[in-house]
Structures are given as C-alpha cells and as structure tokens.
Number of protein chains: 2
Amino acid sequence: MGDAVDVVLAQWRRERPDLDAWPMGVIGRISRLSRLLDRELKDFFADHGLERWEFDVLATLRRSGPPYELTAGALNRAAMVTSGAITNRIDRMAAKGLVQRIPDEEDRRSVRVRLTEPGLAKIEELVDLHVANEVRLLAALAPEQRDQLADTLRTLLESLGDTPPE
Amino acid sequence: MGDAVDVVLAQWRRERPDLDAWPMGVIGRISRLSRLLDRELKDFFADHGLERWEFDVLATLRRSGPPYELTAGALNRAAMVTSGAITNRIDRMAAKGLVQRIPDEEDRRSVRVRLTEPGLAKIEELVDLHVANEVRLLAALAPEQRDQLADTLRTLLESLGDTPPE
DNA sequence: TGCTGTTATCTCAATGTTGAGATTATCAAT
DNA sequence: ATTGATAATCTCAACATTGAGATAACAGCA
C-alpha cells in the first residue's frame, strides 16, 4: 500500500502544503520504473552473455526485416543516443562478429550495418525469452490495465514529439 | 495517431507474427518517456544553472524537513545510484557551497549532508518552477488519466519491490 | 574484553556516453 | 561547374557512473 514515490509526495505535502506536487507522482514513477526495469533487463541479458544495448541493436536490425541492415543514423535514432555512442557500439559488435559494416553505394556518407549469421542466430534465440521475461515483469497488471497504460503512455509520447520517422 | 513504439510493434508483427510482443508497448514506452523527460528536465535545469542530479539532491534534503540533513546512504537510496556516485556528487555540491558534510556524533561511520543557506535558497527558488514545468510536460493528460496512470505505475513499482525504506 | 559479522563511506580503475569538431559527401540553385 | 548549406559518420577529450575493494566503526555475544 504505497511505493517510494508516495513517501516523496507525503513529504512535500508536509513541508510545502501550498505546493501541489502531483506531477511527481507521474514523472517520478516513470523515472524509477525505468531504472528498475533497466536493472531487471540487464540481469536477464547478462545471463545470456549480452549487454542490453547489444540486444537492442540486434533487435532493431531484426525487426527491420531482410536483409537486416540499417544505417548508423537509423540505429542511433532508434536507440536515442548520440552518434558517438553508436559508432562505439557498432565497433564493438563488429569485433564480436554480431554485425558487419557495409559501405553504402548510393550515399557514400552512409554506412549500412548488417546482422551477421551469428547475430541473426543470437536474436532469434533470445527474442522469445526476452518477451517472456517482460511478461513476467508486468505480471502485476490486469489485461485492461496494461492496454490502458500503453494508451496513456502513447498519448504522452506523442505530445512530447515522439513521432515515427517518415 | 501513433508513436515510435507503434512502429516497433508493427514491425515485429510483420516479421514475427507468431510473437506477441505486447510487453514492449509498455516497457518500451516507459524507457522512451524516461529518456525524453530526462532531456526536458535537463534543459530546464540548465537554464537555471543546475544539473538534474543537483536538483534531486537539494529536493531530497528539502523535503526531509528541518534541519534539512540526511546521511549519504539515505541520499543514495533516494537517487538509486551507487555509493561512489553519491560521494562524488556530495563532493561537487559541497565545493559549490550548496551542501556541507557534518560528522555524525552518534554513529561515526556516518556523514550527515546538510543544506547550506544558499542551497536552501536555491531549492526554494526552483521547486515551484520545476513543478510548473512538469505540469507543462504532462499537459496532454486529462485529470482522470493522470490519476489512473499514477495508480497503475504504483502497482507496477510495488510489484517490483519499490517499497519505502522503513 | 575480544570476536565476528555487518554497516557506512570513500577510493579508484574500468567503462560508456556526451558534445563539439573534423571529414567527407550530397543537394539545390545559380 | 561552383558555391553554400545540409547531412552522415567518426574522433576524441571531458565527465559521470559502476562495481569491487579498502577502511573505520558499530553491534551482539561469548
């Protein structure tokens, strides 16, 4: 009956009764949940010899469909990190043999990053387990609750400009 | 009518019709929202000469009530970071004069971190603006939506063990 | 008093991200 | 063709966090 954020809100009510801090009940919880879920996912991937960001890159390429390749730019937009971070990630995954860089003939500024055979095998092996793990993490929600939650979060994302590329 | 996560889900449906990836509609959105909100808050605090983590430390001390002091351990539990990170943060904030370290007489392993006069002034100056900024970020939600959202997120947090200290 | 286990904080090397700048390539318009 | 603006990627120094280990202090109990 109450989480850590309830305590925070109660403290503000006591210390600053004039302040209505309700937004913290939403934003604070999103932040904390994100952190907790990150930890859980990290543990899961560690058990399978991957970093979370490696899985994300593999999954992004896999779901883009054959030939399982995207430009570096598309990958960094998907991951919401800077270009420097993506260069670094691709370097390391290429060294591990999970992806390969392919020069783009059409636009020679671009690099296409393609899933290798082992990379494809890895994501195929893990994606079902990953989804099952996520189902476990959300087990506390009733089916209608989770649909409603997804809808509300979508509304928020749209209002913050999280619109698909094209 | 659709955010970046809807695209991800549609891709999985096309590529792997056998896989029901619904949890990504929740966990993916929580991750993305957390990142987007972080950026917004970062911009806001930058306009006021603070890092986000500095504000968090000030706010945690302020809402704990007079004499506005907590142990380093309490601060790192609140911030969900490791002890090394808190040591570093306190060092820098003490150098800026926002907090001061006070040896704990009762338990000499502990350090109490106390808001200085300038630190208190800073948080008092910013907290209302911060809440107003958060209200702005959540403006897309109707009042019942945000209450329901907060409730659902609380359910999730509790199920993941995010329970208050004592 | 002396042990043993636990707790609080700090230290520090390893690691990863950011953010700005450099490089190279493309595009639009003249 | 040439110029200027824009775009894609890579480079790299600065910075912050993690995670493991060190240090010091407390607590319970024989």
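Nothing here was measured: the structure is a model prediction, and the numbers come from that model.
Although no hydrogens or angles enter the test, the distance criterion places a donor-acceptor pair under 3.5 Å between the side chain of B:Thr116 and the main chain of B:Gly97. Panel note: side chain B:Glu158, backbone A:Gly2; a donor-acceptor pair is recorded below 3.5 Å.
Exactly one of B:Ile27, B:Asp162, B:Leu33, B:Leu160 qualifies for a side chain to side chain contact (heavy atoms under 4.5 Å, CB included) with A:Leu33. That residue is B:Leu160. Of the options A:Arg89, A:Lys122, A:Lys96, a salt bridge (Lys or Arg N to Asp or Glu O under 4.0 Å) to A:Glu54 is made by A:Lys96 and by none of the others.
Here the P atom of nucleotide D:dC10 and the CG atom of A:Asp91 are 7 Å apart, to the nearest Å. Protein atom CZ of B:Arg108 is 19 Å distant from nucleotide atom P of D:dT23, rounded to whole Å.
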So which protein nitrogen or oxygen atoms get under 3.5 Å of nucleotides 12-19 of chain D's nitrogens or oxygens?
unit_1: D:dA16; atom_1: OP1; unit_2: B:Arg92; atom_2: NH1; d: 2.7
unit_1: D:dA16; atom_1: OP2; unit_2: B:Arg92; atom_2: NH1; d: 2.9
unit_1: D:dA16; atom_1: O5'; unit_2: B:Arg92; atom_2: NH1; d: 3.0
unit_1: D:dT17; atom_1: OP1; unit_2: B:Arg89; atom_2: NE; d: 3.1
unit_1: D:dT17; atom_1: OP1; unit_2: B:Arg89; atom_2: NH2; d: 2.5
unit_1: D:dT17; atom_1: OP2; unit_2: B:Arg92; atom_2: NH2; d: 3.4
unit_1: D:dT18; atom_1: OP2; unit_2: B:Thr82; atom_2: N; d: 3.1
unit_1: D:dT18; atom_1: OP2; unit_2: B:Thr82; atom_2: OG1; d: 3.2
unit_1: D:dG19; atom_1: OP1; unit_2: A:Lys42; atom_2: NZ; d: 3.3

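For the atom pair CD of A:Glu117 and CD of A:Gln100, the computed distance is 10.5 Å after rounding to the nearest 0.5 Å.
Along DNA chain D, the nucleotide nearest to B:Asp107 and the one nearest to A:Asp107 differ in position, and the one closer to the 5' end is contacted by A:Asp107.
Counting 5' to 3', DNA chain C first comes under 4.0 angstrom of a heavy atom of chain B and last does so at the ends given by C:dT7 to C:dG19.
Listed by residue number, B:Thr71, B:Ala72, B:Gly73 are the residues of residues 62-73 of chain B with a heavy-atom contact under 4.0 Å to DNA chain C. The stretch residues 96-103 of chain B touches DNA chain C through B:Arg101, each having a heavy atom within less than 4.0 Å of the strand.
Each end of the helix from C:dT1-D:dA30 to C:dT30-D:dA1 yields a helix axis from five base pairs, and these two axes differ in direction by 20° (to the nearest 10 degrees).
For an aromatic pair to be called close, the ring centres must be under 6.0 Å apart, and A:Phe55 with A:His48 fails this.
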| Taking protein heavy atoms under 4.0 Å as touching, what does nucleotides 2-7 of chain D look like 5' to 3' if B marks base contact, S marks sugar-phosphate-only contact and - marks none? | -----B

